[in-house]
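Worksheet for the structure shown next.
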Protein chains: 2
Amino acid sequence: MQIGSRIPRIRAAGTDGWEIVYRARALVAAGETVLNLTIGEPDRSTDPRVLEAMHQAALGGLTGYTFGPGLPELRRAIAARVTARTGVATRPENVIVTPGGQAALFAAHMVLLSKGDTGLYVTPHYPTYPTTILATGAQAEAVAAHAADGFQPTAAAILRAQARTGARSLLINTPNNPTGVVYAPETVAGIAGACREADLWLISDEVYDTQVWEGHHQSPRALPGMAERTVVIGSMSKSHAMTGSRLGWLVAPEEVVEAATVLATNTTYGVVPYIQKGALAALDLGAAFEEEIAAPFRRRRALVQQVVAGSRSVSTAPAAGAMYVMLDIRATGLSGEDFARRLIEEERIAVMPGESFGAAAAGHLRIALTLPDDQLATALTRLVAFAEALVPA
Amino acid sequence: MQIGSRIPRIRAAGTDGWEIVYRARALVAAGETVLNLTIGEPDRSTDPRVLEAMHQAALGGLTGYTFGPGLPELRRAIAARVTARTGVATRPENVIVTPGGQAALFAAHMVLLSKGDTGLYVTPHYPTYPTTILATGAQAEAVAAHAADGFQPTAAAILRAQARTGARSLLINTPNNPTGVVYAPETVAGIAGACREADLWLISDEVYDTQVWEGHHQSPRALPGMAERTVVIGSMSKSHAMTGSRLGWLVAPEEVVEAATVLATNTTYGVVPYIQKGALAALDLGAAFEEEIAAPFRRRRALVQQVVAGSRSVSTAPAAGAMYVMLDIRATGLSGEDFARRLIEEERIAVMPGESFGAAAAGHLRIALTLPDDQLATALTRLVAFAEALVPA
C-alpha cells in the first residue's frame with residue numbers, strides 16, 4: 001500500500017539539519033558529557049502558578065469540548081495585550097486560539113493559500129517554514145536575507161520573488177530564529193510596502209516579541225494599510241515558558257479568524273479549555289513575569305558577545321533579540337556544517353550549523369541561549385579557542 | 001484581501017445541520033428551559049484521579065516539547081490495549097498519539113491521499129467526515145448505508161462508489177455516530193473484502209469501541225490481509241470522558257505512523273506531555289473504569305427502547321452501541337428537520353434531525369443519551385406523545 005504524495009514531498013524539501021542534534025543525543029546516551037547549544041526551548045519548567053490555575057479549572061469541571069475560536073476571556077486578554085503592545089485596536093473577534101504557534105502557522109497558510117498557490121518565506125528560516133507551506137498543498141519559495149545586510153530582508157528581494165512566482169503570501173519572523181536579528185523599523189516598512197504593492201498577505205511570526213535586547217519590536221500589522229492583510233502568529237511557548245502546553249493564536253482580520261475556526265473544526269476541534277485558563281493566568285502575571293522569563297537570555301546574549309569580542313575568527317551577527325545568537329565563522333574557512341561536526345567530535349559541544357536554516361546562513365552557527373550561564377561561558381570559550389586555532393596567525 | 005478557496009469549499013459542503021443546536025442555545029440564553037438531546041459528549045467531567053496524574057506530571061517538570069509520535073510509555077500502553085482488545089499484535093511503532101480523534105482523522109487523510117484523490121465515507125455520517133477530507137485538498141464521496149439495511153453498509157455499494165470515483169480510501173465508523181448501529185461481523189467482512197478487492201485504504205473510526213450494548217465490536221484491522229491497509233482512529237474522549245483534553249491516536253502500519261509524525265512536526269508539534277501522562281493514568285484504571293463511563297449510556301438506551309416500545313409513530317433503528325439512538329419518525333409523515341423544528345418550538349425539546357447527518361438518515365432523529373435518566377425519560381415520553389398526535393388514529 002502506498003501513502004499519498006504529500007509526505008514524500010515534505011521529506012524531500014526538509015532540511016537535513018538535525019545531524020548534530022542526533023549525534024549529541026547518541027553521545028549522551030553513551031554516557032558522554034555534551035555541552036548542548038542546540039536546544040530552542042527555555043531552560044525552565046512552566047511556572048507552578050500557571051499549572052495550579054490549569055488544575056483548578058479542570059477540577060472545577062472545565063474538561064469538556066470547547067468549540068470555536070477559544071474561550072471568550074482568553075480571546076479578550078490576547079486582544080487587549082496586542083492592542084497595548086502594538087497600538088492597533090484589536091478585538092476578541094480578531095483572535096483565534098490554536099494548539100500552539102506551529103498550528104497557527106499551518107492554519108494561516110491553510111486558510112490563505114489555495115492549492116497550487118505559492119507562499120514566500122524569508123530565509124535563514126525556522127526549519128518547518130517551507131515544509132508547513134508544502135503540507136498545505138501550496139508551493140514554498142524562499143526570499144534570502146543576507147549576512148551582508150545583517151540578515152534584514154529587503155523589499156526589492158520580496159518583490160522580485162513575488163514577480164517570479166505570483167506568490168500570494170509572505171512569512172516573516174521578527175525577532176528572528178535562527179539569526180537573533182530584530183527587523184529594523186525601515187526593514188518592516190519595506191516589507192509592508194512590498195506587501196501592499198504586490199497585494200501579498202503577510203504572515204508575521206512574532207512569538208519572540210518579548211525578547212528584544214536592542215531597539216524595539218515593530219509589528220508590521222501596526223503600519224498603515226497592513227491590519228487588513230496581516231496575520232500575526234503568537235504563542236505562550238517562549239514568552240511564558242509553556243512550550244509543552246501547545247497554546248498559540250492568530251491575530252487577523254475577522255474573516256480570516258472565521259475561516260480558521262471552520263478549519264479548526266475539521267483539524268483540531270478546539271484547544272484544551274483548562275490550558276486556556278492556564279494561559280490566561282500566565283498573561284495575568286503581567287510584564288514582570290515576561291521580563292523574568294526573558295532575563296536569562298538577555299544576560300547570556302551579553303555573555304556571548306563578551307566571550308567573542310576581539311576574536312579574529314568568530315563574530316556575532318547583530319544579536320538584538322530572541323534566544324539565539326548567530327556566530328559568523330567564515331574567517332575559519334570552514335562551512336558551518338564542517339565546523340559543527342568537528343566541534344562535537346573534538347570538543348563535545350553541539351551547535352546548529354547555519355546551513356540547517358538555509359544557504360543564506362552558510363558559514364554561521366546558531367547558538368541557543370538555553371544552557372546555564374557557566375556552561376554557556378565554558379562552551380563559548382572553548383568554541384572560540386577552537387576557531388582561533390583554525391586561523392593562521 | 002481574499003482568502004484561499006479551501007474554506008469556502010468546506011463551507012459549501014458542510015451540512016447546515018446545527019439549526020436546532022443554535023435555536024436551543026438561544027432559547028436557553030433567553031431564560032427558557034430546553035431538554036437538550038443534541039449533546040454528543042459524556043455528561044460527566046474528567047475523573048479527578050486522571051487530572052491529578054496530569055498535575056503531578058506537570059509539577060514534576062514534564063512541561064516541555066514532546067517531539068515525535070508520543071511518549072513511549074503511552075504508545076506502549078495503547079499498543080498493548082489494541083493487542084488485547086482486537087487480537088492483532090500491535091507494537092508501539094504502530095501508534096502515534098494525536099491531539100484528539102479529529103486530528104487523527106485529519107492526519108490519516110493528509111497522509112494517505114494525494115491532492116485530487118477521492119476519499120469515500122459512509123453516510124449517515126459524523127458531520128466533519130466529508131469536510132475533513134475536503135480540508136486536505138481531496139474529494140469526498142459518500143457511500144450510503146440505508147435504513148432498510150439497518151444502516152449497515154454493503155460491499156457492493158463501496159465497490160460501486162470506488163469504481164465510479166477511483167477512490168483510494170474509505171472511512172467507516174463502528175459503533176456508529178449518528179445511528180447507534182454496531183456493524184455486524186458480516187458487514188465488517190464485506191467492507192474488508194471490498195477494500196482488498198479495490199485496493200482501498202480503510203480508515204476505521206473506533207472511538208466508541210467501549211460502548212457496545214449488543215453483539216460485539218469487530219475491528220476490521222483484525223481480519224486477514226487488513227492490518228497493512230487499515231488505519232484505526234482511537235480517542236480517550238468518549239471511553240474515558242476526556243473530550244476537552246484532546247487526546248487521540250492512530251494505529252497503523254509503521255510507514256503511516258512515520259509519515260504522520262512528519263506531518264505532526266508541521267501541524268501540531270506534538271501533544272501536551274502531561275495530558276499524555278493523564279491518558280496513561282486513565283488507561284491504567286482499566287476495564288472497570290471504562291464500564292463505569294459506559295454504564296449510563298447502556299441504561300439510557302434501554303430506557304429509550306422502553307418508552308418507544310408500542311408506539312405507532314416512532315421506532316428505533318437497531319441501537320446496539322455508542323451514546324446515541326436513531327429514531328425512525330417516518331410514520332408521522334414529517335421530515336426529521338420539520339419534526340425537530342416543531343419539537344423545539346412546541347415542546348422545547350432539542351434533537352438532531354437525521355438529515356444533519358446526510359440524506360440517508362432522512363425521516364429520523366438522533367437522540368444523544370447524555371441527559372440524566374429522568375430528564376431523558378421525560379423528553380422521550382413527550383416526544384413520543386407529540387409524534388403519536390401526528391398520526392391519524
- [ ] Kindly indicate, with the supporting measurements, whether the criterion side-chain contact (heavy atoms from CB on, under 4.5 Å) is fulfilled by Thr267(A) and Gln102(B).
- [x] CA-CA 6 Å; Thr267(A) 52; Gln102(B) 174 62 44; 5.9 Å; no
Task: Segment of Pro99(A) engaging chain B (4.5 angstrom heavy-atom cut-off) - done: backbone
Open item on the list: For a quick check under 3.5 Å, do Thr128(B) and Tyr269(A) share a side-chain donor-acceptor pair by atom type?
Closed with: no
TODO: Hey, could you give me the CG/CZ distance between Asn266(B) and Arg6(A), rounded to the nearest 0.5 Å?
DONE: 11.0 Å
- [ ] Please round to the nearest 0.5 Å and tell me the distance separating atom CG of Leu59(A) and atom CD of Glu52(B).
- [x] 7.5 Å
TODO: Quick one: closest heavy-atom pair of Ser245(A) and Val272(B), and the distance?
DONE: O-CG2, 3.7 Å
TODO: Find the one option among Thr63(A), Leu62(A), Val271(A), Thr132(A) whose heavy-atom pairs under 4.5 Å with chain B are most numerous.
DONE: Thr63(A)
TODO: Heavy-atom distances under 4.5 Å only: say whether Thr136(A) touches chain B with side chain, backbone, both or neither.
DONE: both
- [ ] Calculate, to the nearest 0.5 Å, the distance between atoms CE and CH2 belonging to Met1(A) and Trp201(B) respectively.
- [x] 5.0 Å
Task: Arg11(B) and Val262(A), any side-chain heavy atoms less than 4.5 Å apart - done: yes
- [ ] Using a cut-off of under 4.5 Å on heavy-atom pairs, state which of His109(A), Gln2(A), Glu255(A), Met54(A) scores highest against chain B.
- [x] Gln2(A)
TODO: Look at Ser237(B), Ala260(B), Ser114(B), Ala58(B) and state which one has the largest set of heavy-atom pairs under 4.5 Å with chain A.
DONE: Ser114(B)
Open item on the list: So Leu51(A) and His55(B), do their side chains get closer than 4.5 Å, heavy atoms only?
Closed with: yes
Open item on the list: Can you tell me which portion of Val111(B) sits under 4.5 Å from chain A's heavy atoms? Options are side chain, backbone, both or neither.
Closed with: both
Task: Contacting region of Leu200(A) [heavy-atom separation from chain B under 4.5 Å] - done: backbone
- [ ] Return the option, out of Leu247(B), Ile133(B), Leu112(B), Asp117(B), with the maximum number of heavy-atom pairs under 4.5 Å with chain A.
- [x] Leu112(B)
Open item on the list: Given heavy-atom pairs under 4.5 angstrom as the criterion, report whether the side chain, backbone, both or neither of Phe67(A) touches chain B.
Closed with: neither
Task: Test log, rule side-chain contact (heavy atoms from CB on, under 4.5 Å), inputs Leu263(B) and Ile7(A) - done: CA-CA 7 Å; Leu263(B) 182 71; Ile7(A) 306 302; 3.9 Å; yes
Task: Selection from Ala103(A), Gly64(A), Ser45(A) maximising heavy-atom pairs under 4.5 Å formed with chain B - done: Gly64(A)
- [ ] State, yes or no, whether a side-chain contact exists between Ile275(A) and Ile275(B) at a heavy-atom distance under 4.5 Å.
- [x] yes
Task: Rounded distance (nearest 0.5 Å) linking atom OG1 of Thr268(A) with atom CZ of Arg246(B) - done: 7.5 Å
Task: Gap separating the OG atom of Ser5(A) from the CG atom of Leu113(B), nearest 0.5 angstrom - done: 10.0 Å
Task: Ile10(B) CD1 to Met110(A) CE distance, which is reported to the nearest 0.5 Å - done: 6.5 Å
Open item on the list: Counting heavy-atom pairs closer than 4.5 Å to chain A, which one of Glu228(B), Lys115(B), Met242(B), Arg44(B) comes out on top?
Closed with: Lys115(B)
Open item on the list: Between Leu105(B), Thr46(B), Val256(B), who has the most heavy-atom pairs with chain A when the cutoff is under 4.5 Å?
Closed with: Thr46(B)
TODO: Sort Tyr274(A) into side chain, backbone, both or neither according to what part of it lies under 4.5 angstrom from a heavy atom of chain B.
DONE: side chain
